[in-house]
Amino acid sequence: MAEAAYNIPVFRQRTAEETEEYQRVATNVGKGLAVIQEELHRMRMATKAQVDSLAIQREVQDMMPKRLDLLDEFPRMPDFLVALRPHTVWEKTPVKLFCTVQGNPRPIVKWYKEGVPVDPLSAPGKYKIENKYGVHSLIINWLLMMFHFLFPSWAVPHLTEIHPSKLEVSLLDRFSVTFGVEGSSISLVCTMVVVPNLPNVPPLAQWYRDDKLLKPSKLVEMSVSGSAARLTLPYLAKDDEGLYTLRIFTKDGTAEHSAYLFVSDAAPSAAGAPGAPMSVKAYDINSDYVLVAWKPPNTVNEAPITGYFVDRCEVGSDSWIQCNDAPVKVCKYPVHGLSLGRSYHFRVRAVNSAGISRASRKSDKVTAIDAAESERLQVIKIEGKYDIVIKDDELEGYVTIPGEPTEVHASEIFKSYVVLSWKPPCPRGRAPLWYIIEKVSGTGAWQRINTAVKLHSPRYPVFDLQDGQKYQFRVYSVNMYGSSEASAPSEPIQKVDQDGVPSAPGHVVATRNTKSSVFVQWEPPKNPKNLMGYYIDGRVVGSKEWFACNHKPFKHTRFVVHGLIPGETYVFRVQAANVFGLSEESQESSPIAVEPALATPSAPYGIAMLSSDGSSITLAWKSPKHCGGSKVNAYYIDKRDADTLVWKEVNLTGVTERVGDLKEGTFYEFMVQAANLAGVGLPSAPSAPMKCEAWTMEEPGPAYDLSFSEVRSHSLVILWKAPVYTGASAVTGYFVDMAKKGSSEFVTLNQEAVRHRYLQVADLEEGETYVFRVRAVNANGIGKPSQLSDPVCAKALPGTSEIVAGVDEETGDVFLSLEACEICETSKFVWSKNYKPIGDCPRVAVTAKGRTSRLTFTNPDKDDLGKYSVVVTDTDGVSSSYTLTEDALNTMLELSYAIRHPIVPLKHALNYEILEKGHVRFWLQAVKLSPSVSYRFIVNDKEVTSGEGHKISHDVATGIIQMTVDHFTRANEGTYTVQINDGKAKTQSSLVLVGDVFKAALKEAEFQRKEHIRKQGPHFSEYLYFTVTEDCTVMLTCKVANVKKETTLHWYKEEDEIVPETPPSVMSGACAIPIPLFSRKDQGIFKAVLGDDRGKDTSVLDISGQVFDDIINAIAKIAGASASDLVLQCTPEGIRLQCYMNYYTEEMKTVWKHKESKIASSEKMRIGGTAEMAWMQICDPSDKEKGHYSIEISDGVKTHVRTFDLSGQGKNKEQSRSNVVVCFLFSDRGRVVGGLPDVVTIMEEKSLSLTCTVWGEPTPEVTWFKNEQEVASTEHTRVTFDGGKFASLVINKVTPEDSGKYSINVRNKYGGEFVEITVSVYRHGEQIPESTCLGVVNVEVPPSGTLQELVGQ
């Protein structure tokens, strides 16, 4: 329906302007109304939306538990809540990068460096990745460059594959500081819990030694399972010493544990020898040269090391070869002469004045290769897929003679050696190359130094340089075509140790660490000189013996010394080590007792209520298990109402008694803190709520403060304190209950209540853990049980000792003593009798010194019998007991009386000795004398005092009392007595000197008196004796004393003076006369007479009998040692065996043997010799004479044997057979047996017949000669040979022309003989001429080649 128009009343007439204004206002009002309507609509919609939102929120709150479960199932893309930020850090400093990421499933975060994933296993120790509660971190050690990282933008399921690094690992029992010995084996084990425990997926474990990753090998064995990780070192060496770390990769990062392994030296090969060197490595490896280096061992109480021997062994062989003839003094040695391509191991042995050490562990395998070979190779790619490898030698063109080496210099300079190095030539040629080295000193000539070595490496060690000389070196390159020009000479080089050992380390400070270790730190040396590390030594205060704290050089200036005795006091020193050895020791540290570092005490525990009166509660608690190295001096108690959370302090000042009075009246909880010098420790756990109401029961309250003493493998003693609340009547006894730890089944140990507050518990199982409780008893019944005791293990502490009863050797006091195996600075010795503290008691006195406490009885009697015990506080339960019985007390009282009423103990009773002037000394020695000692000598019941003829004295330090009689005669026969008084002690000793004993003493005194007179002039300090020189000359020698220039020495044999070629020099102190070629003819009495104006002395030596035999044996010893092997010599008579030696005489005990049978000299076997040799002649040898021959030369102790095999079966069978056969064939040669004269004189017209018998096998040929011309058979001269045995030359009617030199030649294939005869023919009437010419026999032997042919036949 349309809206009615508005009509303007008549009475309201408007002008045109008013109408226009009205219309304008109406239009604006209409627009404003529209805006208001729109705002109202918007507000209605907003209100509705808010109402709907509240309704949705209520619905959401109702559905929230369900939605929380559903949200986890919805996938969400990875998102960075906290992104990474840039870092600017110093180079080589660690940095840690963080980011937080979320997503569902849990995203896998990967770290990248330059687009490459970061792998912690690729560089152990450099990267460490952690993930804890969604916070991811990357730790970078030794940062070198910028890193960036990327994350995947999609969710990856977290456990699509099980990997060891995704397991949860918790370490349980961890390996502790371990001690081993060289040569033994040891295992480091760490147990763990792995979730999930998958048999096929063990945790990923890595072992490190001194931050270096270990790999499995023969020397390192590793195993890991879901329960334990194990590292086994089967062959320990000092190289294995160090800090071992087990690192296990887990889901949240890594789990680590570290502990130190100490490896001490094995027993030395010789007493006082040093320990073995270590860390043997090879450097600068070339084709025939390596440089071996090692670390020196520690020398604590041994003599200093004087050098080292280096040994090498080829891989696959067990034969070690020593590389250096003399010990090298530095820890480096150049080994040359290796074979190209072969592999070697090296080891080192240290040397000192006591001997040679055990060998070090052998080095890793080293292969001798040309180090520059790979640098001379070039790889050329063809078509991007083929590789062609060529050598630089092939690019040099056709080069025959190499170029000269360059850059000759010394790469190692020490006093022991110098290592020369140079750059190989270019071009080098294709032929194999070697080098020649020359040296020159000053302006001298160049000399070649590697004459016997063909050198292939550009390295060479030179050893034979003179100290103080400067040398220059030059090198030639040589191959099969020739030699290069010489290189440029090196700079002048001189052998010198450039650095030497480092200076001593500085100030050494030792501080507390644990109850068995000390932290030692020091200042580095001012002159470090390439340090290898440090050795730390320790010593117990009061001892002179040092011990090694480490056995391998430690690189840092701080070290924790482990394995020390708790409570003992030590000092420490440090030495620095480098290649030259060990420095001087540092100054000793200040003495330090081995105690834990000072800390606040641990928390008390076991708060219990002992009584309540309705307005207060009496509390008890157990002392802290660890006092923190200082005595607990106060306790602070806090309380709170059981219904509130606010704690209130009960006492503002410390309470020393464990009793707190509380006056509030409902349920309360309590908390206790202990305090010492270091401060207030941690609070205890809150006690159980305790109601403050009055106790009215008739039974007693609980006993408290249960403790243990004398814990051993099968027994212990439990002690407790009486209840504070006794009930309606007094406490009459106690019951003790026991149960194994973890069990609720308690067993009552005593059937009847014990009145005392301790109980000895026996029959325990060794190693088992028990808990105890105590119940008090009164007339009204059994009261509440005490709190359970702490668990106690039936096992004695290591090093536990028991109380010792004894008597003081000086005072005679009876005492009980205990040396504690463990003690600390706050420890006290608490003595008890029948387990009641003794306190201040006049019957005993308690003293303590170090780890020992003594309880001394002032006047012991039966009242002191009983059971004594002692407890050492602030330890792990050090305690002991001793029951003093009547018998033991009586025994000690007897010993005490002997000490308090002593005698002077004697080491030696009264005795006598004859002095050099004939004086007689009577003496005795006491164990100990005081300066106030008094004594007297009594001889035959008369006291003798010091005066003329007698000297009496004593020495307190040695305990000797003596009397010297100057002139001992027959009047001194009798009884001698010494009486001694030393304080309360007395003693006496007697000596009866009569009869034969006195006569022997008197005779010796007179002899010594004469000897003294003899020595006033020239005399023999050593009488005549003999020696034998290397050339077997016998020397008669004597030594003289108290001589002067005018003193003369004359030699005699059998009263005939011997004048030696060289006059004796008495001023030299020794004189000798030689007897060359000694034999039986030299037997006799030799005498030397020494004299001058002061007198003379004579020495006689009778060379006969045993003395003669001794000289012959001494000659035989030298001659037998010098004897040569038996030599075979062929002679005209047969075979001769000869043995050459320095000297031979028939008086020597020599035996010839054939086939182990002794040979006697005969016509067939003749034995003889000359001064140079012994021989045996075999005449006309036959097969019977073949066999084994020997000569035995005996020197009375040892028999020297030389042999010869005459059967052809010796070591060199061919040569032996040849020698034998040749000699036997030589005996079968053709020869003249007899019948021919040497000279024939005959008158003319007579007939001459020259007839002889010849022999040979086979039958020889016979030829006659005249003046070297063969004689033919004619009517005048007839030649015959009958039966192969008789040869004749007959000249009918001789004439002067028949005079001349005739000869016969008899020979066969084995040789022959040439015999000459001189024939002289004279005329009738002439005088018969004299014979002036002798016949000559020449033996002919076939040439060597012919002999060999004959031997072969």
Side-chain angles (χ1 to χ4, degrees), residues 120-121 124-125 128 164-165 167-195 197 199 201-250 253-266 275-276 278-279 295 298 360-362 364 513-519 533 536 547-556 558-564 767 798:
L121 301 182
K128 185 176 181 181
S165 63
L167 303 175
E168 294 184 1
V169 182
S170 299
L171 301 181
L172 299 179
D173 295 331
R174 309 171 187 226
F175 57 91
S176 59
V177 174
T178 310
F179 299 86
V181 180
E182 278 186 309
S184 63
S185 63
I186 206 165
S187 295
L188 305 180
V189 182
C190 192
T191 60
M192 64 187 81
V193 174
V194 181
V195 179
N197 189 2
V201 187
L204 181 59
Q206 292 181 340
W207 290 89
Y208 296 82
R209 178 171 58 231
D210 297 331
D211 293 331
K212 292 184 179 179
L213 180 65
L214 298 178
K215 296 182 180 180
S217 66
K218 291 182 180 180
L219 301 176
V220 180
E221 300 173 1
M222 303 178 187
S223 63
V224 63
S225 64
S227 60
R230 180 184 297 271
L231 174 71
T232 300
L233 305 172
Y235 309 104
L236 274 181
K238 291 187 290 186
D239 306 61
D240 298 318
E241 181 169 295
L243 182 67
Y244 283 78
T245 300
L246 171 63
R247 181 173 295 156
I248 299 180
F249 291 84
T250 68
T254 58
E256 295 183 5
H257 172 65
S258 299
Y260 212 88
L261 170 63
F262 295 88
V263 182
S264 60
D265 287 297
M278 69 214 77
S279 303
K295 293 181 180 178
N298 190 10
S360 68
R361 173 181 284 175
K362 65 182 181 181
D364 294 334
N513 190 50
T514 68
K515 68 178 183 179
S516 62
S517 65
V518 166
F519 181 74
I536 302 94
F547 61 88
C549 300
N550 64 318
H551 308 87
K552 178 181 176 182
F554 187 71
K555 295 183 178 179
H556 306 288
R558 56 191 183 279
F559 187 75
V560 178
V561 180
H562 290 273
L564 304 178

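FYI, the numbering just counts along the sequence from 1.
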With [X] via side chain to side chain contact (heavy atoms under 4.5 Å, CB included) - residues at least two apart:
| X | value |
| --- | --- |
| Val193 | Leu172, Val195 |
| Asp364 | none |
| Ser217 | Leu219, Val220 |
| Ser223 | Arg230 |

Kindly write out the residues that satisfy side-chain hydrogen bond (donor to acceptor under 3.5 Å, both in side chains) with [X], not counting sequence neighbours, or none if the list is empty.
| X | value |
| --- | --- |
| Asp239 | none |
| Lys515 | Asp876 |
| Ser517 | Asn513, Thr514 |
| Tyr260 | none |

- prompt: Is it true that a side-chain atom of Lys552 and a backbone atom of Glu241 form a donor plus acceptor pair closer than 3.5 Å?
  reply: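 Yes, the answer is positive, given that a donor and an acceptor are paired below the 3.5 Å cut-off.
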
Q. So, the side chain of Gln206 versus the backbone of Arg247: is there a donor-acceptor pair under 3.5 Å, distance only?
A. no

Phe179 meets the ring pair (Phe, Tyr, Trp, His ring centres under 6.0 Å) criterion, sequence neighbours left out, with Phe262

| message | Once ring pair (Phe, Tyr, Trp, His ring centres under 6.0 Å) is applied, do any residues pair with His257, and if so which ones, sequence neighbours excluded? | response |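 Only Phe175 meet the ring pair (Phe, Tyr, Trp, His ring centres under 6.0 Å) criterion with His257.
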
Worksheet item: Which pairs count as side chain to side chain donor-acceptor pair (under 3.5 Å) when at least one residue sits in residues 178-195, sequence neighbours excluded?
Response: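 Applying side chain to side chain donor-acceptor pair (under 3.5 Å) to every pair that reaches into residues 178-195, excluding sequence neighbours, yields Ser187-Thr232.
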
The complete set of salt bridge (charged side-chain N to carboxylate O under 4.0 Å, His left out) pairs with one or both residues in residues 215-229, sequence neighbours excluded, reads none

Exactly one of Leu188, Val224, Leu213 clears side chain to side chain contact (heavy atoms under 4.5 Å, CB included) with Trp207, and that residue is Leu188

